[in-house]
There are 2 protein chains.
Amino acid sequence: MTSSVRRSGTKGVARADREQQILEVAGRVFGERGFAATSVADIAAAAGISKPLIYNYFGSKEGLFERCLREASSLLIGEIERSAALGAVGLARALATLDGVFRVLDDRTWPWRVANDPTAPVADAPGELMGAYRRRLEELAREGVGELLALSGADDALDLDAMTAVWSTVFGSLVTWWCDHPGMAPEEMSARCERLFGAVFGVSPDTDRTVPSG
Amino acid sequence: MTSSVRRSGTKGVARADREQQILEVAGRVFGERGFAATSVADIAAAAGISKPLIYNYFGSKEGLFERCLREASSLLIGEIERSAALGAVGLARALATLDGVFRVLDDRTWPWRVANDPTAPVADAPGELMGAYRRRLEELAREGVGELLALSGADDALDLDAMTAVWSTVFGSLVTWWCDHPGMAPEEMSARCERLFGAVFGVSPDTDRTVPSG
DNA sequence: TCGTAGTAACTTACCCGAGAGTCATATCGA
DNA sequence: TCGATATGACTCTCGGGTAAGTTACTACGA
C-alpha cells in the first residue's frame with residue numbers, strides 16, 4: 001500500500017518540462033514580489049516541488065532569476081525591435097510599439113515586471129543582463145527623441161539625455177499602469193494611449209509629428 | 001594616561017545633536033543604497049558610532065527609516081504645495097514646481113531618493129507614510145492633468161487615472177535625472193526643463209496652455 | 001580642591017531567526 | 001538494476017535586535 005502522498009523520488013516529469021514549469025512559476029513570483037522579497041522556498045512551494053530541485057536545475061537563486069530575466073528581456077526587446085522595423089515614424093511608431101508590448105504581455109505580465117524589478121541584483125550576470133536590456137531600450141528611445149528635439153532646434157547633448165530618460169519612463173509608466181489593471185484588453189489600452197497622446201500633442205496620430213518610440 | 005582611542009562611554013554629544021547627525025547620515029545611506037540593501041551596521045559605521053546607539057535612539061531600522069521618510073516627504077510636499085500656491089497655471093505651474101524642488105534639493109538629494117525608494121517597506125508606519133506622500137502628490141498632479149484632458153474633451157475616468165500616473169513619472173524622472181547629475185545648478189536644470197517642454201508642446205511657457213503640476 | 005555619587009551617552013559581545021545553499025537518501029520508469 | 005528525478009534534514013552566514021557593562025560629564029558636600 002503506497003501512501004497517496006508521494007514522499008520523494010521521480011514524478012515522471014522530464015527535465016526540460018520541469019525546467020520550463022519552474023521558470024514560468026518563478027517569473028510570476030519574482031514579478032509579484034520582486035527579487036529581493038522572494039525566497040527560493042516561496043518559488044518551490046508555488047511550483048509544488050522542493051527547494052533542492054531548483055538548485056539542481058538552476059544552481060542558485062541568481063541563476064534562476066537570470067534565466068527569467070533573459071526570457072523577459074529577449075521577449076520585450078524582440079517585440080520592440082519588431083515594432084521599430086515596421087517603419088512607422090514619430091507618434092505612430094510610439095503607438096505601434098506600445099501596442100506590440102501590450103499584445104505580447106497580454107495575460108502574462110511578469111516579463112515586464114521582472115525586467116523592471118528595482119530590487120534585482122546589480123552585480124554579476126543579472127546585473128549585466130539588466131544593464132544590456134536598459135541600454136538597448138534607451139538606444140531605441142534615443143532615436144525617436146533625437147528627431148523630436150532636432151525639429152525644435154535643440155541640440156544640447158544633455159537635453160537629449162534627459163528627454164530620453166523622460167520618454168523611457170513615460171513608456172514604462174503606461175505599460176506598468178496597464179499591468180496594474182488586469183483584464184484590460186490590449187486594443188483598449190492602445191486606444192487609450194492614442195487618446196492621451198492626442199490630448200497632449202493636440203494632433204491625431206496619422207500626423208507625422210515626430211515622437212519617440214521604444 | 002588615557003588612550004587616544006576611546007573605547008566606550010559618552011563622547012559628550014548631546015542627545016538632540018546626535019539624533020540629527022544620525023538622521024542625516026542615515027538619509028544619505030538609505031538614499032544611496034535603498035532601504036532593503038542597507039544594514040543598520042552600515043549606517044552606524046558611516047556615522048562613526050555603534051549599532052546599539054541607533055536602536056537606543058530610533059528603536060528599529062524601520063523606525064529610523066520612518067524618521068528619514070517623514071523629513072523627506074514633509075520637505076517635498078511642503079515645497080510642492082508652496083509652488084502650487086503661487087497661483088501659476090498649466091505649463092508655468094509645472095515649471096515653477098520643478099524649480100522649487102530643484103532648489104530645495106540642491107546639494108542634498110537624499111530626501112528625493114528616500115521618498116521614492118522602491119525597496120521601502122510596504123507595511124507599518126513607513127508604508128503608511130509613503131502612501132500618504134504618494135496620494136498627496138497624485139492629488140496635486142490630478143488637478144492639472146484634469147484641466148488638460150478636459151480641454152480635449154476626454155472625460156474618461158481611467159484616462160484621467162492613466163494620465164496622472166504618466167505625469168507623475170515624468171515629473172519624477174526629471175528630478176531623478178537631475179539627482180543623477182550632481183553639480184548641475186537648479187537654475188540650469190529649470191532652464192533645461194523649459195526647453196524640453198517647449199520642444200514637446202511647441203509652445204513657450206508663458207502660453208497659458210494647461211499642463212499639470214505637482 | 002578634592003572625592004564621590006548619580007546619570008546620560010556609548011560600546012562590546014552576544015542572541016536568534018530567516019533564508020541561501022548542500023548532502024545523503026528515497027522512489028520510479030525503463 | 002541503473003540512472004534520472006526528487007526530497008528531508010541539515011549547515012552556515014547575514015543582519016536585526018538586546019543585555020550588560022564602561023566612560024565621562026555634572027553636582028555637591030567636605
S.K.: To the nearest Å, how far apart are A:F58 CZ and D:dA6 P?
M.R.: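 My rounded result for the distance is 12 Å.
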S.K.: Over how many whole Å does the gap from B:I49 atom CD1 to C:dA9 atom C1' extend?
M.R.: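 Value for this atom pair: 11 Å.
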S.K.: Rounded to whole angstroms, how far apart are CG on A:L53 and C1' on C:dA20?
M.R.: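 Distance check: A:L53 CG to C:dA20 C1' gives 16 Å.
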S.K.: How long is the line joining CD1 of A:I43 and C1' of C:dG19, in whole Å?
M.R.: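 Taking CD1 of A:I43 and C1' of C:dG19, I get 12 Å after rounding.
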S.K.: Would you say the side chains of B:E32 and B:W110 form a donor-acceptor pair under 3.5 Å?
M.R.: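 Distance-only check fails for B:E32 and B:W110.
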S.K.: Pairs under 3.5 angstrom, nitrogen or oxygen only, protein versus nucleotides 16-19 of chain D, please.
M.R.:
| unit_1 | atom_1 | unit_2 | atom_2 | d |
| --- | --- | --- | --- | --- |
| D:dG16 | OP1 | B:K61 | NZ | 3.0 |
| D:dG16 | OP2 | B:V40 | N | 3.0 |
| D:dG16 | N7 | B:K51 | NZ | 3.2 |
| D:dG17 | OP2 | B:Y55 | OH | 3.3 |
| D:dG17 | OP2 | B:K61 | N | 3.0 |
| D:dG17 | N7 | B:K51 | NZ | 2.9 |
| D:dG17 | O6 | B:K51 | NZ | 2.6 |

S.K.: To the nearest Å, how far apart are B:N56 CG and D:dG21 C1'?
M.R.: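 My rounded result for the distance is 14 Å.
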S.K.: Can a side chain N or O of A:R18 be found less than 4.0 Å away from OP1 or OP2 on D:dT5?
M.R.: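 So the side chain of A:R18 is outside the cut-off, no N or O lying under 4.0 Å from OP1 or OP2 of D:dT5.
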S.K.: Relative to A:Y57, does A:R15 satisfy both conditions: NZ or CZ under 6.0 angstrom from the six-membered ring centre, and within 45 degrees of the ring's axis?
M.R.: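 Judged by the rule, A:R15 and A:Y57 form a cation-pi pair.
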S.K.: Given atom CD1 of B:I22 and atom C1' of C:dC10, what is their separation to the nearest angstrom?
M.R.: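 The distance from CD1 of B:I22 to C1' of C:dC10 comes to 11 Å, rounded to the nearest Å.
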S.K.: Identify the two heavy atoms, one from B:A120 and one from B:M130, that lie closest to each other, and give their separation to 0.1 Å.
M.R.: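 Looking at all heavy atoms of both residues, the shortest contact is CB-CE, 3.7 Å.
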S.K.: I would like to know whether A:L76 and A:L105 meet side chain to side chain contact (heavy atoms under 4.5 Å, CB included); could you show each step before the answer?
M.R.: CA-CA 9 Å; A:L76 291 166; A:L105 291 176; 4.2 Å; yes
S.K.: Think B:K61 forms a cation-pi with B:F35, using NZ or CZ under 6.0 Å from the six-ring centre and within 45 degrees of its axis?
M.R.: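 Yes - B:K61 lies over the ring of B:F35, closer than 6.0 Å to its centre and within 45° of its axis.
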S.K.: Nearest whole Å is fine: how far is C:dG19 C1' from A:I54 CD1?
M.R.: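 It works out to 13 Å between those atoms.
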S.K.: Would one find more than 12 heavy atoms of other residues, nucleotides or ligands at under 6.0 Å from atom CG of A:D17?
M.R.: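 More than 12 heavy atoms, drawn from other residues, nucleotides or ligands, come within 6.0 Å of this atom.
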S.K.: Please report, rounded to the nearest Å, how far the C1' atom of C:dG19 is from the CZ atom of A:F30.
M.R.: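 To the nearest whole Å, that distance equals 13 Å.
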